Amino acid sequence: MRVLPSWILPPRIVPSSSWRVRGLAKRWPAAGGLYPSINFSGRSIIGIMHQGRATEASSSAHVTELVSTALRQEKLAGICEMLRSIAQSCDADTCLLWRLAPGSDLKAQPPEGRLFVLAQWLKGDKLWASHNLSLNSVTGRGIIAGKPQCVLDIERDPHVARTDTFFERTGAKTFCTVPITFVDEQKGAINFYRNTPRPFRGQELAEANRLAALVPSLYQTIRDKVSSALLSSVSGILQTAERTAVDCPPPKDSMREVVQTICSLVGETFQSLETSIFFEDRVALPGEYELVATTWDGPFPKKSYTKEDPAITAWILANARPVKLFNLADFHDEREVSKIRKEYEGLTWSDSLEFERVVRQRFGQIEEGWLPPLSFVGAPILMGNTVLGAIRCCTAVRPPHYFADGELRLLELVAAQIAQYWSHWITRREAEEENRSWRTFVRRVSEMNHAVQKDLTGGELNEVRIFGEALELAESAIRGADILDIRLLDEPKQELYYFATRGAEWEAGGPGQSAARKAVRYPVDYGSPASIGAQVVGSGRTYMATDLTTDPLFHGRFPRTKRFIAVPVRSRDKIIGVLDIRGTGPSDFAKHAVPIAELLGQQLGLYNYLGSTILELRRTQKEQTETYQDLGHQLKSPIFQAQARIQSVLRSLPSDGPMTANFNAIRGLLGKAKRVAMGIRLFAQLAGKRVELSQSVPLRADDLIKTLIQYASDHRMLLGTERGVTFHVDPKGFEALRKNEVRLDYDLLEQAVNNVLDNAFKYSFPKTTVRIGGGITSTGWFHISVINEGIRLRASEIDKSKERGWRSEDAEATTGEGSGLGLWIVDHIMKAHKGELVVVPTTASNLTEVKLLFPVARSV
Amino acid sequence: MKDSIEILSVEDDPLQAEWIRQTIEDRVAGTRVQQISTESEFVAKLSEIIANPPALILMDVMLRWADPSPNIPERPADVKNGGMQRAGLRCQVRLAADPATYGIPVILYTVLQNGELNQLKASALMPAHVVHIQKDSDPSDLLREIRRLIRAGN
């Protein structure tokens with residue numbers, strides 16, 4: 001007797017001889033077989049049972065015992081207990097429950113099929129194998145006839161094999177078989193064996209018949225109970241997992257633990273040698289169905305599947321259909337293979353053969369042909385039409401050593417339960433992924449905005465870099481986006497051309513290929529059939545295709561492309577191009593891919609608009625600046641000449657007299673005109689943000705004093721002598737210039753000093769004096785100081801006074817026209833000299849001091 | 001009967017004011033030009049003007065409110081809101097508001113061009129006899145108009 005290792009079999013079950021349903025003759029060992037076939041012949045039937053009548057009391061007790069025993073059972077193995085109850089009621093020493101194997105055909109001529117032991121009970125501690133039986137046996141004939149059969153004396157019956165070790169081991173002398181019909185209409189039988197030569201007769205037979213009639217529904221009850229217990233346990237495990245989950249979504253490892261628990265539970269219920277669950281993690285590994293849980297501790301030929309793999313599990317995933325196979329070893333039998341393929345079109349089983357090899361190794365001590373059937377049942381884990389994964393069981397290690405339809409249905413129910421759990425988890429993962437995508441998008445857009453802002457400050461948008469970064473952004477924010485490009489519209493030619501590209505396929509042909517593709521131009525033909533780009537440009541709407549093989553718009557330029565999003569790049573109300581995002585991987589784009597792509601398209605359009613607007617603005621500004629500068633020059637030149645001539649006329653005139661006064665006024669007015677002309681030039685320069693020095697000459701004390709007196713005199717004259725504002729230039733401090741070299745642009749100094757003096761005179765009260773002085777400060781700066789008494793600046797207004805266009809309320813009321821540019825220009829002039837404009841208000845009086853601080857180049 | 005034809009010049013630029021005075025007095029016989037240099041001074045002297053209306057008023061449009069001084073008169077709300085750009089127009093409206101001065105011929109003598117002035121005038125009540133002459137280095141137009149208005153007044 002060959003005994004399987006204890007790990008593989010449940011208690012009380014020992015493997016039997018041949019497990020083949022068909023082809024038994026060639027596999028059955030001629031001499032050593034435990035169960036030779038019994039020829040199907042009426043002569044072997046020694047007697048036919050007739051319905052006896054048990055006493056009502058004993059029969060009622062037997063039924064009660066049977067039913068209560070059956071209802072106590074929690075596991076499929078409990079069916080054996082049910083048989084014990086029946087056997088004891090009928091005073092039998094052994095009782096076997098047979099069931100016709102799947103695929104049997106009793107209507108065929110001759111009838112085809114095998115019988116498998118579904119459950120057994122043997123008196124004492126005897127063990128016996130589960131095994132199969134041909135339809136030629138007494139049991140088979142009873143099933144075919146639909147009537148109980150009796151073998152009164154096994155030893156003398158010519159049709160019972162003498163070499164059958166079953167009878168030897170059990171010591172059975174007589175037996176009877178009662179055919180039954182299971183709830184699923186499958187046929188079967190219950191056999192009662194006695195070890196004494198007392199045949200089953202009369203009331204005993206009737207009692208056996210009566211009790212056997214209850215077995216199908218009780219068997220179904222136990223199965224239902226087991227199924228219900230399994231579903232309830234799975235449900236409890238999943239609910240507990242949901243309830244106790246701390247993280248959202250829970251980490252993958254804790255998901256694996258939950259699924260592993262369920263997997264073990266299914267394995268235990270089904271008593272399968274291997275139970276495994278595969279799932280697709282659409283976020284981490286789209287298209288790959290990886291092994292998440294298993295009860296198999298041996299080597300795994302394949303730990304993950306794609307739908308395209310040549311494997312039974314892959315077929316389940318691809319077809320979203322369950323598979324139930326009686327024996328994986330049938331794959332060696334061409335006749336069986338054709339039958340299997342008829343039912344499961346396109347099924348391949350390279351992994352099954354591998355599994356069979358591994359199982360055979362486990363059953364290593366059992367000879368070829370003695371193995372149990374390597375039964376298989378697997379179901380897809382579905383959520384709607386989406387295949388989330390698969391659950392499979394291989395090789396039942398308990399009678400009847402195959403998986404029945406009921407088990408397949410149960411497996412499908414379990415799969416449905418797990419589907420919901422996994423789906424929730426995937427949904428959460430996807431939500432998390434979506435959040436991540438949006439976070440990435442927002443962060444990268446913010447970075448791009450920053451870069452664009454920097455570019456625009458510099459005056460020109462680097463679109464090649466920005467658009468390249470945009471493609472990088474799309475790639476990182478949209479899972480599965482692996483070929484990306486931006487095509488821009490050449491409006492006059494009505495052509496789309498590649499402006500930026502990214503992705504493996506672009507680089508596949510090397511830089512030359514990439515460049516060549518970039519050079520390709522597609523005419524925008526709005527007629528039919530339109531290309532994808534043309535359609536997007538024409539309609540202004542997003543295009544999305546999830547299956548390009550059937551899409552008429554796709555011309556197959558990218559053969560690996562499986563899905564495609566194309567969004568318009570819109571600059572204001574004009575479409576300037578198309579952003580293409582293609583996917584080549586197995587899984588679809590996430591649902592947020594389109595809104596991200598659309599927003600990116602809008603963003604790119606905005607950048608383009610800003611770039612062109614700023615460019616235009618700068619061009620206009622440049623023109624304006626140049627025009628201002630030109631006008632300033634044009635104005636300044638004749639004024640210079642007029643001033644020079646006036647100076648020479650004044651030198652020839654006496655120092656007083658009406659003519660001299662008039663010429664002095666003209667000189668003053670020309671001075672003012674010159675300042676305005678210079679102001680225009682500086683204003684234009686300041687559009688470029690800074691004043692530039694056109695010369696750097698040493699400042700001489702004499703020149704400065706003379707100039708200051710002349711300027712002050714002009715301002716006094718322009719203000720009108722009626723106001724009685726006088727001025728005083730203190731030359732002492734300027735002597736410092738003889739020992740300290742100060743270099744500056746004299747034209748700019750003139751402008752700065754005049755602007756300061758202009759303010760000083762304009763805001764002075766009548767009959768006050770503007771005091772002008774200067775020298776070296778305690779910190780080593782050279783300064784020119786102008787102090788006046790009049791409307792003064794408040795402390796809070798000092799910073800504002802240097803702003804462009806700012807005028808105090810008092811200024812407008814008392815000085816009339818003015819641009820508010822005076823101190824703003826002076827401030828810039830001083831900065832150009834690396835000096836400083838300092839305004840010092842005094843609170844005690846109405847004095848305001850303005851200082852122009854210049855750095856000393858060197859002391860001599 | 002006055003000895004001379006009184007002309008009032010409202011001009012805040014002292015150089016221009018002096019040039020205008022000299023030019024008119026030299027080239028329009030019998031005229032004497034009185035001068036007002038700020039809007040606040042005009043407001044202050046308005047009752048005096050009403051009492052002794054001049055033959056003609058030469059009005060600059062953009063005028064400062066007052067000269068800097070420790071005691072600047074408070075600006076009325078219309079001056080604050082309207083700004084110095086409309087000062088001359090406000091003065092004209094004040095004249096037009098009194099029957100004694102309503103008919104005084106006024107020449108708006110300003111650097112503003114017609115279009116600019118029309119924008120400013122849009123919200124002001126301008127009598128039909130207010131004429132506009134743009135400031136120019138050649139005073140011929142101004143003198144011609146002054147002579148015409150004086151003749152018309154006589």
Side-chain angles (χ1 to χ4, degrees), chain A residues 638 642 658-659 661-673 676 713-725 758-770 788-793 805 807-820 844-848, chain B residues 9-23 25-26 33-44 59-91 110-112 116 120 135-137:
Chain A
M659 186 75 87
N662 265 330
F663 274 118
N664 272 329
I666 293 169
R667 190 191 65 188
L669 288 168
L670 284 173
K672 183 175 179 180
V676 173
S713 176
D714 286 348
H715 281 288
R716 180 173 176 274
M717 184 273 302
L718 288 171
L719 192 66
T721 50
E722 294 81 4
R723 295 262 290 274
V725 178
D758 188 41
N759 281 344
F761 277 90
K762 275 195 302 192
Y763 295 124
S764 287
F765 293 156
K767 298 185 174 53
T768 56
T769 300
V770 175
N788 78 307
E789 183 182 353
I791 295 170
R792 62 184 170 83
L793 276 175
R807 300 188 77 200
S808 72
E809 277 190 25
D810 290 343
E812 191 184 292
T814 57
T815 64
E817 60 190 1
S819 55
S845 62
N846 289 319
L847 296 177
T848 299
Chain B
S9 164
V10 184
E11 171 61 61
D12 65 348
D13 183 333
L15 282 182
Q16 285 196 46
E18 183 52 24
W19 177 80
I20 288 168
R21 185 192 64 76
Q22 251 183 16
T23 305
E25 286 183 353
D26 288 353
V33 177
Q34 297 290 326
Q35 291 180 325
I36 287 178
S37 61
T38 64
E39 188 181 2
S40 61
E41 189 185 350
F42 181 88
V43 172
M59 182 78 76
D60 190 9
V61 174
M62 294 191 289
L63 294 168
R64 60 177 182 272
W65 168 247
D67 286 331
S69 78
N71 305 306
I72 298 172
E74 182 67 22
R75 282 185 294 171
D78 62 335
V79 175
K80 272 187 183 171
N81 296 334
M84 53 87 68
Q85 283 87 354
R86 293 168 188 269
L89 301 181
R90 284 194 296 272
C91 294
T110 169
V111 291
L112 294 174
E116 295 168 312
L120 292 174
K135 281 180 180 172
D136 194 273
S137 54

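Given the structure is predicted, the values throughout are model-derived calculations rather than measurements. Numbered from 1 within each chain, the chains take letters A, B, ... in sequence-line order.
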(request) Rounded to the nearest 0.5 Å, what's the gap from CG on B:D60 to CD on B:E39? Could you check? (result)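 The CG atom of B:D60 sits 11.5 Å away from the CD atom of B:E39.
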Quick one: does [X]'s side chain get under 4.5 Å of [Y]'s, heavy atoms only?
{"X": "A:Y763", "Y": "A:T848", "answer": "no"}
{"X": "B:E11", "Y": "B:K135", "answer": "yes"}
{"X": "B:M59", "Y": "B:S9", "answer": "no"}

(request) Could you look at A:L669 and say if it's the side chain, the backbone, both or neither that has a heavy atom under 4.5 Å from chain B? (result)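 A:L669 touches chain B through side-chain heavy atoms alone.
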(message) Does any backbone or side-chain atom of A:S764 lie under 4.5 Å from a heavy atom of chain B? Answer side chain, backbone, both or neither.
(response)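 When you check distances to chain B, only backbone atoms of A:S764 fall under 4.5 Å.
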(request) Count the heavy-atom pairs under 4.5 Å between each of B:T38, B:L63, B:D67, B:I72 and chain A, then report the option with the highest count. (result)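 Between B:T38, B:L63, B:D67, B:I72, the count favours B:D67.
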